[in-house]
Amino acid sequence: MTTRPTVKRWLCSAVALAGACASLAASAWEPSKPIEFVVPAGTGGGADQMARFIQGVVAKNNLAKQPIVVVNKSGGAGAEGFLDVKNDKGNPHKIVITLSNLFTTPLATGVPFNWRDLTPVQMLALDQFVLWVNEEAPYKTAKAYFDAIKAGTPNQFKMGGTGSKQEDQIITVMMEKAAGKKMTYVPFKGGGDVAVQLVGKHIDSTVNNPIEAESHWRAGKLRALCVFDKDKLPYTDKVTATQSWADLPPCASAGIPVEYLMLRGIFMPPGVTPDQTKYYLDLFAKVRALPEWKEFMNKGAFRQTALSGQAFFDWLGQNEQMHRVLMKEAGFLAQ
């Protein structure tokens, strides 16, 4: 009988602790208004497609109590979007999806922005680049096209790409150096426009991300020649009647010694709290666990590398330096 008060007190303490824990959990930060999802690039490109995909699956699966609103701010090679997020200090209702213009835009333009001005949240994946030609072009392999560039006259071949002094033009310059022959680089606003220009035969080739040209490849309008990665892609589902992403050789095996991967990452404005950052980490963990995410990764042939915390911070520092070297060699650094 003497144990009952002790048991009772223990139970009361346990209940009180549980109540405190429940109260603590209930107080974890959540958005109280719509989330603005900034895309520092045009519509139809890889970053835009990923942002709108995330917007859709979050709504469909009720992963957030507030809606996500995608806003494209592509001015100044993405500087418009980055400066908008940088200047919205402490706003946890705004996130931005980044591509490599996170590095290239400030290096090329001297705009007062650096990735350290933002709050890194997570690397969602790394995006590939593929060498594309029109399906009716005579070049059946990457080697055949590369040999034609080498044998041609300077500026004979037109390479279309997104923006100037950004990823697509960096890859083009690397190809030019390997071929010993200049190409004519033609910039467009976004990856969607670039793919349409190649379908229309207004340019000779592109280095579009897989997801930017996948539908045209599937429709028999474009031909994929090689991937700018050291390894073959792991995706074996057929995209065309005869080819999967896994069938594309690394470009280096065709004599094009170029490798380049692009960030698909999430950042927040400066001055947000760890609790607010954790909300988005948890949200994207839920997104990445969805079967729809796996399908999206397959469709876009992404390298599924996810980083956060110190590992992501370290990766960003290393890749900023890599881009500084690449852009210096290409003559793209702001003077």
Side-chain angles (χ1 to χ4, degrees), residues 44-51 53-54 97-100 122-135 137 139-146 159-162 167-168 170-172 174-175 178 191-192 194-195 198-199 205-265 287-307 315 319 322:
D48 182 66
Q49 289 193 52
M50 181 174 278
F53 168 80
I54 290 169
I97 187 167
T98 59
L99 44 156
S100 291
Q122 183 170 56
M123 175 195 289
L124 291 178
L126 291 171
D127 208 347
Q128 303 283 354
F129 286 81
V130 169
L131 180 59
W132 303 89
V133 295
N134 191 285
E135 176 62 31
Y139 318 107
K140 304 297 184 184
T141 66
K143 185 178 185 304
Y145 183 55
F146 195 53
M159 176 74 85
T162 300
E167 307 91 350
D168 295 16
I170 288 172
I171 294 172
T172 302
M174 289 193 283
M175 283 185 62
V194 175
L198 185 57
V199 169
S205 58
T206 73
V207 292
N208 261 359
N209 302 125
I211 202 164
E212 295 172 333
E214 180 266 350
S215 63
H216 301 292
W217 190 32
R218 188 182 296 275
K221 302 293 185 182
L222 299 182
R223 178 181 298 140
L225 297 181
C226 63
V227 60
F228 291 98
D229 199 354
K230 67 181 188 305
D231 300 313
K232 282 190 173 186
L233 297 167
Y235 302 102
T236 57
D237 293 345
K238 295 296 183 191
V239 180
T240 70
T242 59
Q243 280 191 304
S244 69
W245 294 117
D247 292 319
L248 301 185
C251 293
S253 69
I256 307 173
V258 179
E259 294 176 16
Y260 190 91
L261 290 162
M262 183 165 66
L263 171 66
R264 298 295 182 197
V287 169
R288 287 174 28 247
L290 295 171
E292 294 101 312
W293 177 258
K294 294 177 175 60
E295 292 169 9
F296 185 77
M297 291 289 100
N298 191 329
K299 179 180 179 181
F302 293 92
R303 185 187 283 189
Q304 297 187 49
T305 305
L307 295 175
W315 184 94
N319 274 262
M322 179 195 79

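Along the sequence shown, residues carry numbers from 1. Hydrogens, waters and symmetry mates are skipped; everything else that's a heavy atom, side chains included, is used.
In this structure the side chain of Ile54 reaches within 4.5 angstrom of the side chain of Leu124, judged on heavy atoms. In this structure the side chain of Glu167 never reaches within 4.5 angstrom of the side chain of Ile170, judged on heavy atoms. A 4.5 Å side-chain heavy-atom check between Asn209 and Phe129 finds at least one atom pair inside the cut-off. Put simply, the side chain of Leu222 reaches to within 4.5 Å of the side chain of Leu198, judged on heavy atoms. In this structure the side chain of Leu126 never reaches within 4.5 angstrom of the side chain of Met262, judged on heavy atoms. Inter-residue side-chain proximity for Gln243 and Trp217 is flagged as met; some heavy-atom pair is nearer than 4.5 Å.
Gln49 places a side-chain N or O within 3.5 Å of a backbone atom of Gly44 that can act as its donor or acceptor partner. A distance-only check finds no donor-acceptor pair linking the side chain of Trp315 to the backbone of Leu307 [under 3.5 Å].
A search for side-chain hydrogen bond (donor to acceptor under 3.5 Å, both in side chains) contacts involving Asp168 returns nothing, not counting sequence neighbours. Under the side-chain contact (heavy atoms from CB on, under 4.5 Å) criterion, Ala252 pairs with no residue at all, not counting sequence neighbours. By the side-chain hydrogen bond (donor to acceptor under 3.5 Å, both in side chains) test, Tyr139 pairs with no residue at all, sequence neighbours left out. Every residue meeting the side-chain contact (heavy atoms from CB on, under 4.5 Å) condition with Ala246, not counting sequence neighbours, appears here in chain and number order: Thr236, Ser244. Under the rule for a side-chain contact (heavy atoms from CB on, under 4.5 Å), Pro234 has no partner lying at least two apart in sequence or in another chain. Residues forming a side-chain contact (heavy atoms from CB on, under 4.5 Å) with Ser253 (at least two apart in sequence, or on another chain): Pro249, Pro250. Applying the side-chain hydrogen bond (donor to acceptor under 3.5 Å, both in side chains) criterion to Arg288, with sequence neighbours excluded, gives no partner residue. Residues that satisfy the side-chain hydrogen bond (donor to acceptor under 3.5 Å, both in side chains) test with Glu214, not counting sequence neighbours, are Arg218.
Legend: salt bridge (charged side-chain N to carboxylate O under 4.0 Å, His left out) pairs involving residues 230-245, not counting sequence neighbours, sorted by first then second residue: Lys238-Asp247. Listed by first and then second residue, the salt bridge (charged side-chain N to carboxylate O under 4.0 Å, His left out) pairs that reach into residues 290-302 are Lys60-Glu292, sequence neighbours excluded. Every pair passing disulfide bond (SG atoms under 2.5 Å apart) that includes a residue from residues 228-259 is listed here, sequence neighbours excluded: Cys226-Cys251. Pairs passing the salt bridge (charged side-chain N to carboxylate O under 4.0 Å, His left out) check and including a residue from residues 125-135, sequence neighbours excluded, read Asp127-Arg264, Glu135-Arg223.
Of the inter-residue distances, the one linking Phe228 atom CZ with Ile256 atom CD1 reads 5.5 Å to the nearest 0.5 angstrom.
Ring pair Phe296/Phe53 is parallel by interplanar angle, where below 30° counts as parallel and above 60° as perpendicular.
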Exercise for review: Assess whether side-chain contact (heavy atoms from CB on, under 4.5 Å) is satisfied between His216 and Trp132, documenting all intermediate values.
Suggested key: CA-CA 11 Å; His216 301 292; Trp132 303 89; over 6 Å; no
